[in-house]
Every structure is written in C-alpha cells, then in structure tokens.
Number of protein chains: 8
Amino acid sequence: MKKPLVGIIMGSDSDLPVMKEAAKVLEDFEIEYEITIVSAHRTPERMFKYAKEAEVRGIEVIIAGAGGAAHLPGMVASISSLPVIGVPVKTSSLNGLDSLMSIVQMPAGVPVATVAINNAKNAGILAAQILSIKYPHVRQKVIEYKEKMRSEVEEKAKNLEG
Amino acid sequence: MKKPLVGIIMGSDSDLPVMKEAAKVLEDFEIEYEITIVSAHRTPERMFKYAKEAEVRGIEVIIAGAGGAAHLPGMVASISSLPVIGVPVKTSSLNGLDSLMSIVQMPAGVPVATVAINNAKNAGILAAQILSIKYPHVRQKVIEYKEKMRSEVEEKAKNLEG
Amino acid sequence: MKKPLVGIIMGSDSDLPVMKEAAKVLEDFEIEYEITIVSAHRTPERMFKYAKEAEVRGIEVIIAGAGGAAHLPGMVASISSLPVIGVPVKTSSLNGLDSLMSIVQMPAGVPVATVAINNAKNAGILAAQILSIKYPHVRQKVIEYKEKMRSEVEEKAKNLEG
Amino acid sequence: MKKPLVGIIMGSDSDLPVMKEAAKVLEDFEIEYEITIVSAHRTPERMFKYAKEAEVRGIEVIIAGAGGAAHLPGMVASISSLPVIGVPVKTSSLNGLDSLMSIVQMPAGVPVATVAINNAKNAGILAAQILSIKYPHVRQKVIEYKEKMRSEVEEKAKNLEG
Amino acid sequence: MKKPLVGIIMGSDSDLPVMKEAAKVLEDFEIEYEITIVSAHRTPERMFKYAKEAEVRGIEVIIAGAGGAAHLPGMVASISSLPVIGVPVKTSSLNGLDSLMSIVQMPAGVPVATVAINNAKNAGILAAQILSIKYPHVRQKVIEYKEKMRSEVEEKAKNLEG
Amino acid sequence: MKKPLVGIIMGSDSDLPVMKEAAKVLEDFEIEYEITIVSAHRTPERMFKYAKEAEVRGIEVIIAGAGGAAHLPGMVASISSLPVIGVPVKTSSLNGLDSLMSIVQMPAGVPVATVAINNAKNAGILAAQILSIKYPHVRQKVIEYKEKMRSEVEEKAKNLEG
Amino acid sequence: MKKPLVGIIMGSDSDLPVMKEAAKVLEDFEIEYEITIVSAHRTPERMFKYAKEAEVRGIEVIIAGAGGAAHLPGMVASISSLPVIGVPVKTSSLNGLDSLMSIVQMPAGVPVATVAINNAKNAGILAAQILSIKYPHVRQKVIEYKEKMRSEVEEKAKNLEG
Amino acid sequence: MKKPLVGIIMGSDSDLPVMKEAAKVLEDFEIEYEITIVSAHRTPERMFKYAKEAEVRGIEVIIAGAGGAAHLPGMVASISSLPVIGVPVKTSSLNGLDSLMSIVQMPAGVPVATVAINNAKNAGILAAQILSIKYPHVRQKVIEYKEKMRSEVEEKAKNLEG
C-alpha cells in the first residue's frame, strides 16, 4: 500500500489549516494519501489534468475542499468517475453557507459526498469507510476508531458524573 | 451478485416518491439493493437493529433519506461502520433546508455523505461510485453513465443550435 | 425528593459551559437532577440505554443539549415517553441555526420541547414548570422566580430613570 | 377529569386548520381541553385575562399557536406560570421561519416549549407527555401511542418490502 | 415643550448601549423624551400599564427596542394607538435576524414602524420626522440634519479626491 | 381635508394588488390620499421630482412599496424630509426577504418605517397613526379601528367556543 | 456585425425558458448572439473547449445561466479572459439562493458579473451595456431602451392616476 | 489614457478599506480611475449628478460599493447607461447578505453586475475585462493576470507537495 489511495486537494493554501485534518485522520488509519493545491478557478487546466489522471495513478477516493463559490469538488466529480468527498470551507462573510450550497446542491448525474462545514476530519473518516468496503484492514481501523470515540465519551461522562 | 449490496432506507413511506429514484439508478447499474422503511423516530429499535446487522448481511453501502429533523442517516452512521449516504428530503415549510442541515452538519467522528435536497438519484450514483472501487464492472457502468450524460447534452445542444 | 427528577444530558463535554446553566437553575429551584454526557453519535448504545431506563429510574423530565446535526434530544424523545426539552447549542459556522432546525423540526409523533439557542437556563425553568403541575412547592418556586425577575427589572428601570 | 386540563389558543381563526390537530390528538388521549381564539395583538386584554386565569380555572398546560411576529405563546408564558407550548404557524411569505424565531428565541427567564412549524399534533402529544408525569393513565396512553406508531411503520415496511 | 413627546423603552438594560443612540439624536433635535426599561416578558403588567398610559401622559411617539423573540414593540403597538417604532437589537446567535422578524412581521391591524438592526439612531430620526408633521420647528431640524449629513459626505469626498 | 395627506407610490403596476390595501384602509379612515407609480429604477427623475415636491404639495406621509432590490422607499426617504413608510413586496424567488432587507436595512441618518412583507394594510394604518398625532379625528378613527378588531376576534372566539 | 458577439450558454435545456429572455433582449438591441447548451458537470470537456475558443471565434461577452451548484459561469470565467455574466436560475428546493451563492461568491481573481435570480433579461441588457463601450450604435440602443422604460412607466402612472 | 476610464464610488468612507482593492487592481492593470464618496442616501443630488455626467466625462465603467440597504449601485445604474459593477460591502449584523440582496436583485431593465461580498478586487478585474473588449492592451493585462494567478498556485502546490 505504498501508492496513495486518497487524493486530498484544496482550492487555496488558505484552506490548509482546515484540510490537514483529513490528512491527519488518514495517517491515523494508515491510509496512504497525497495532498496538494488545485484551484478550479485559478488553475482550471491543472484541475482538469488532476481529475483526469487520478484514477489511472491509483487514487481511489478524492477529498476536495473549497470555500465560497466552491467549484472544485463538483468539477472534479464531473471529470473523474471516482467518488469525490466535498468539504465546504467556512468563509468570512457567509460562514460557509455559500460553500455548502455550492458543493452539496449538485445536479442529477454528478454527486459530491458532502460533509459538514470545515469538517475535513469527517472527510478523512468517510474516505476510510469507502475504502473499507475493499480493504478489510481499513474496516478494522474504522471499527476501532468508533470504539475509541465511544470509550472517550464514556470516560468524560464518568468524570462529569464524578 | 444476488445478495443486496446497497440498503435503501427512508424515514417514512411519504419519502418513497423521492427515494425510489435511488433504486431506479441502481437497477440501471445492475447493482442489487434492498429498500424498506426504517424510522429513527418512530421505530428506534428497528433502526438500531437495521444499522447493527446491515454489514453482517452483506450490505456495503447504506442510502438513508429523511426530512425535517432528519436523524435517520446520522443515527445509522453512528451505529454502523459502513459508508452512509444521506438524502435530505424536501419539506413543506422549510423546503428541505432543515433536512439538509440535520443531515450534513454531523459532528467530527461520524460522517454522512450528503447529496443535494431530494436528489436520491445522485445517492444511487454515489453508491455505485463507492462500490466501483471494489467491483470493476460497476466502474465500467459509472463511466458509461457519464458518457451517456455527455452525449445526451450534446444531442440537445445540437437541437438547440439548429 | 432525593432521587433526581430531571436528567440533563449533552452530546459533548464542550456543551457543558452552556448546559450547566440548566443545572444552576434547577439548584435554585431545589429540584434534584443528574447531569452527564450521552452522545447520540459517538455512544448510540449508551444513549439508547439512558433513554430506555430514565423513566424507571424516576426521571420525570429530560433536558438534552446538542449542536450541529443535533440528534440527541430527538432520539431520546423517540425512545422514552418522558417529556424531552431540547437545547440547540450554538455552533461556530452556522451559529446554532443548524442545531435549532435539527431539534425543533421533529416529525409528527415525536415532539421535542425546544428552547432558544444556548438558552439552557430556560430549559431548566421549563423543566420546573412541567414538574410544577405535579409538585405544588415547585409551582411556588416558579411563581417566586417570575416575581423576582419582575422586581429586578423594575429596580433597573428606576436606576435608569434616575 | 371533566374540567379541561389543556387550553388551546390561537392568534386568529385562520390558524384553526393547523391547531385543531392538537385538539384531535388530545381527544385520542382522552384529555379534556378547551379551544378558543386569543389574539395578543388584537385582543391584548383578553390575552392577559386568559393567561392570568388559566391556572385558577384548572388548566395545567397551555398550547398557543400563532404566525408571523408570533407573540401569543411568549406573552402567555410571560404572564402565566404554567408550561406553555408554542406552535409556529406557517406564513405565506417566510414559510413560518418568522413564526419559529418569534416563538423559540425567548429571553432567559420565560421559556416557550416550541414544536415544529405547523406541527400542532406534536403540541398535543407534548401536552400529554407533560400531563403524564402526574396522571398515570395519560402515561399509559403515550406509551400505547408510541407503540401504535411503531407497528404502523413496521406494517408499511412489510408492504414495501413485499 | 417640557413634557416628553417620545417614550424610549427597551426590554433589558443590556439594550441600553444600542438604544441610547435614539436618545442622543432626540437631544440633538431638542425633542423631550423619557427613557426606561419595560420588559414584555419579565414585567408584562408594567408593559401593559406603560402602553395604556403613554398617550394620556402626552407621549406622541413610542420607540421600543428588543432582541430575540422581541415582543415589546408589537405588544405596545397592540395596546396603544400611538405610532410605535421598533428597533431590532442584534443578538449573539442569530445576529438580530430573529429580532427583526419578531418585530417587522406584525399581522394586519397592528403595524410597528421597524428600522434596521441596532439602528436606534434612525428610530430617533424617524420619531422626529413623525413629530415634524405637527411641529414646524422639528421639521426645520430634520431638514438641517439632512443638510449636515450632505455636507459631511461632501467634505469627506473632497478629502478622498485629494 | 380635500388635498391628499398621504402619497402612495409603488415601483411597478404589478405591485398594485398589494398596495391598494393601503389605499383601502385610508378610505376607511377618511384620509385623503393620492396613488401612482414611481419607479426608482426606470423613472429616477420622476422619483426625484416626486420626493422633492411631495412636502410642498401638502403630503405629510409617504407610503412606498417595492420588491426585490427595493430602492424606492429608501431613495424617497433620502430626498424628502417627510416620514416614509416602506412596504416590502413579496417576490417570486426570495419571497420578499430581498425586498425586506433592501428596505429595512437603511444606513444611519435615513430611516424607512418598514412594515411586514406585503402588508400594505399596516402601512395605511401606520400612516393614520402618524397623522393622528396632529389630527384628533384620525386618532379617534384609529381607536375605533382597534376596538372593531377586538370585537371581531371576540365574536369569532365565541363562535369557536360554541 | 454578422458574427455573434455574445455567447449565451446554459447548463441544461430546462434552463431555456429562463435564458431565452437574454436572447430576446439581444435581438431587440440588434446584437448578434449564439445560444447553446454547455454543462460544466455533464460535458466538462465541451465546456472547456467552449470557454477556450470563444474569444478566438469573436465572442466578446459570455452569458452563462445555471441552477443549484451552478458552476458553469464561474468555470467559464476561470478559463476565458472575456467578461462573463452569470444568471442564477431558480431551483425547486432553495428557490435559487443556492444558484446565486454558487455564482456570485467567486474567489478573488475570477469575477462573474452576477444578475438577479432568473433575470436573464438583465443579463442581455448588461451584455449590451458592456458592448456599448466599444460600439456607439449599441450605446444608442441602450439609451433608447432606458427611455422606453421611462415612458412606459409614465404611461401606466397616468392610467392609474386616472 | 490620461482621463479616468473607471469611476470607483462608495456610499461611505467606512467602505474605503474594502473599495481600495478595486483601485489597486486597476493600478496593476495600468487603467486610469477616479475614486470618491457618493452616498445615494445622504447625497442623493450628488449621486444623480455623478451618474448623469460620468459618461460625458469619459468614464466607461462604474464600480459602486455599498452596505446594508445598498442603493448606490442600483441607482447609478438607473440613471447612467454605462455598465455598473456592484460590490456588496459586509455589514456587522447580517454579514453583507443584506447588501448582496439589495444590489443583485435588481428588477428587469436595470442590471447591476454584482460581485462577491467585499470582493472589490474582483470588481476591478471585471472592469478590466469589460474595458478589454475595446482596449487590446488591457486584454493582454487580463491574460497575464490569469497566467500569474496560475503560476502562483502551482508554486504553492509545489511547496506543499514538498
């Protein structure tokens, strides 16, 4: 599993603080990934090339984050036949409601698997869940992750209950 | 491929006109599916059981549609480790904005792959894209589907251009 | 009145600063309560168990706070037959509008008594008002509370009028 | 149980088609109720009198429905110490979002137990749940109601599964 | 003109920093006013009394500011026959959109003259414009005020143009 | 009282079905009015002239209705020193939320007395309330109107109570 | 002026009833145009080609209409250096608010000249205004158009005034 | 090219930090511009004069920024036949959603080319794109600008990829 299975892309380097959460979760799940900047608006040809070639290069899931009139996830989904996960990045004026609508409201034929505003962590987990239908060891990681979440909450509950 | 790979569930039979679009697309893609009603709010135990057992029964992707305070997709995602696709069903008062927010704004740890309001067709296609990372013949169908969409638009364009 | 009559639960310990206002008001009203963390999404079985057993343990009203795709109040209301009060917790991106819609827009059959965003204090008072139909001394406390609010405003009015 | 325990009021007779669902559910639960029109804006004194006297007349829960700048539930809650359930009635321009905000966003000290837009049925059920903490036979009805909902969904699920 | 012509009221002393802008503008216009706290929710009887007696005491315009489920302007307008100006006060969660809807969306029969969120200054100016139809010297002040605004902008424009 | 005291203007003849409600209420109150079309966007000079001359012609209150990017009320308020009442007309796409924001969110210095979406009737009543500070017989009409509303509601209440 | 100066494109033939208003206005202005279907999502390569070649083919302004996650205007603007006018097409669930945000909220560097929801007529007029800076006879048409609008409103005003 | 081709105006000097981005981009493109304050609400006559005379003075594109009930762009567009670009300035309460709606939702006949909230930079680029249909050297600058954006993103991508 040396070649990356997940491609994480974002429209701008300003999205990095949000999007690196997806990378972190994939590392925890020991899933190979690549991460780079691909702007639908400022580098349309780079975006086209990335989307065209991702599948051939062995990528199996794409995570794309963008803010405002966030076209990156939808455009990549239009070009590639891979499952694309979209992360609406929070914006300064409309708080990411614009990003959410631009990503989730895709027309019939071209879905983007949208997660919550700024929730790149969930994009990473969703990528793992998708991969887990093929890779049993990833499924195992997902199950362990859920178990860990459970026990953390129970720990905190115990502390609060005193 | 006799056993269903996709489970389509919805909170109420009133969601059926929307959700059967997911079923139709899966039939086009020749992917086995099951479809039933599972209400998080009116049959919580049935929902629990469904989510708990889906993986063991061979289901690999769950599509869940619900409207209003739409808890079905998120609760199934909380219980099962399978990828869950959420379809926000349009509501009479808030037009599905409530359904969208209730489905997409999941907390860190439990993603729901959300598609556009009422767009169960895209949920079906996304399920196919997810399955396609494991089943090459499904990948082929996805590529053909995209190709068909392309040629249909070009046909219409020709007609309009005259 | 040693056994708790009110169960205060929240989806995450990050909701505690908001939710402890409910506890404080119950203390003022001398109503026994318990407080803990129960996450619908990260501890679904714990949530199920809590909701199932609350009534038997003597709980008469449940206050549940959650943010984002806030499923805790609605799921508890779906499992228990007790009155459930929902507190939409403010979120960083959508300011709690998502929490509000996820909690208040429950389908026919399963109400959640929703209060204002972040207003756990009102959840506490509402719990007291509900209990007051059974416990006359709580009714007395509610009346005194309203009287105290009234006189505080009048005091401030006098100060402003000079 | 001859004297009404629940008072159903609404701001206008145009709200009656919505609000009578609350009455219907209370009849199903065999809970005595009264129903009338009380406008905060057009009959402020009648509203005051209603809110002041409800408790003395034996009313234990008030259900108030109103649309637009919906002040009826909040004003009644400000005057009476009874638990008040608010039903935001759908409006022609803003679809009831205005009603919802006017009812749910009450300030600290004066809660209104808000249900979903136009969901007077849930207001009736919530009233029953509140009464059920005092009247065991109402608790029994609530439990039966939940059970009936469950079996209806399961029936429909069977029909759909074929 | 010793007796106050304008009554400025607000739901809470926390609204004072916003509402004192109305007072300041009335001072600039040399219009007598009174200012106090009247909470529709915490002091409903005081509110009733204030609204009932304002006209008899010589008040000709009422300015009422409130936030959230802002019932004060609408309730005063329902009780008094005086023109009532409503100031929606910005709220921490919904930024005053809730206040705006609760104030402006009044039902037919009971108008509230609503100004912009937090714009108590404009409430003061509007009060002056209303009084100006009766008091010629106030009309003169309004005209001078508009003239002053004009020259200030022109001054700034000159500075910017350099 | 032969010369019109109220000028009713609207941006387009498509606003007439809404705006004539203002005229009707003024007729009920026996207040002279004029009504015409003045478009800020399509007849800016006519708008300027109307706003400039209204006061000299004896108009004391202006009611202006417009939809979408509704600039008419605000522009007339910027030019004239008369009190201007704005009616946000409901639009087909955004339901009048755009009209409401374009009218109510005026900057400091230039208020528009905004009423509810499509509620031209309230604009008429507000105009009467404003005139009533100068004309005692109009005040009398306003009081009678409120009384009539009250008795109508009470009549309906009696019918409902049976 | 035989070769088209304006290219009108839309994401789907379902947008044609809206978008043909742009064509009609250009015909009135005697500006040559072409009209076709170019879907960013279903024919990304066709979209790329269209945007790449438009300038070389003599197109000077592009009008692009799309609904939902409306990426067509923004993607064309990202590829071409021509001015691009975006028309947000009204959608069934979110009424075009999603289209508007997806089109107008473009990131720094890639503007789309956005007009009102469904207002393709204004897109046509704006295209004419842009061309008018180069073609004096188009400027003349724009001036005449504004003059015609003015006189039509005045005609209607006269009819209403009676 | 000594006489300004672009006129940048804004409703208030508080909009200057936002609007100077338009000026900066025009400087980069070596396009002459003028910049000043013109308030539709506080200096309506100055606004009229500005809009009336801009074309004669040689201005070819107008950029107008305003916040709240932002009437400046629309009013200038109503008076002048030049293309007008509107910049919705972010507001403290509604984050510029009010500005956006007040600017973009113009009625048929009077378009405003609206850019994203606070995105005056894009207004400058759009002005350049419009001018570029007439001035080939500006087209060249636009192309170079897009090229520069592209290479900057690619540089950042390389750095991130490591």
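In what follows, chains carry the letters A, B, and so on, assigned in the order in which the sequence lines appear, proteins first and then strands, with residues in each chain numbered from 1. None of these values were measured; they are calculated from a predicted model.
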Partner chain F: residue of G/Lys146, G/Glu154, G/Glu152, G/Glu161 with the largest heavy-atom pair count (under 4.5 Å): G/Glu161

Proximal component of F/Ile9, with respect to chain G [non-hydrogen, under 4.5 Å]: neither

G/Lys156 NZ to F/Asp13 CG distance, which is reported to the nearest 0.5 Å: 4.0 Å

Inter-chain contacts: residues 83-98 of chain G against chain F, heavy atoms under 4.5 Å: G/Lys90, G/Asn95, G/Leu97

Gap between atom CG of G/Leu160 and atom CE of F/Met10 - 0.5 Å precision: 5.5 Å

Other residues, nucleotides, ligands: >12 heavy atoms within 6.0 Å of F/Lys20 NZ: no

Residue F/Arg42 versus chain G: region with a heavy atom under 4.5 Å: both

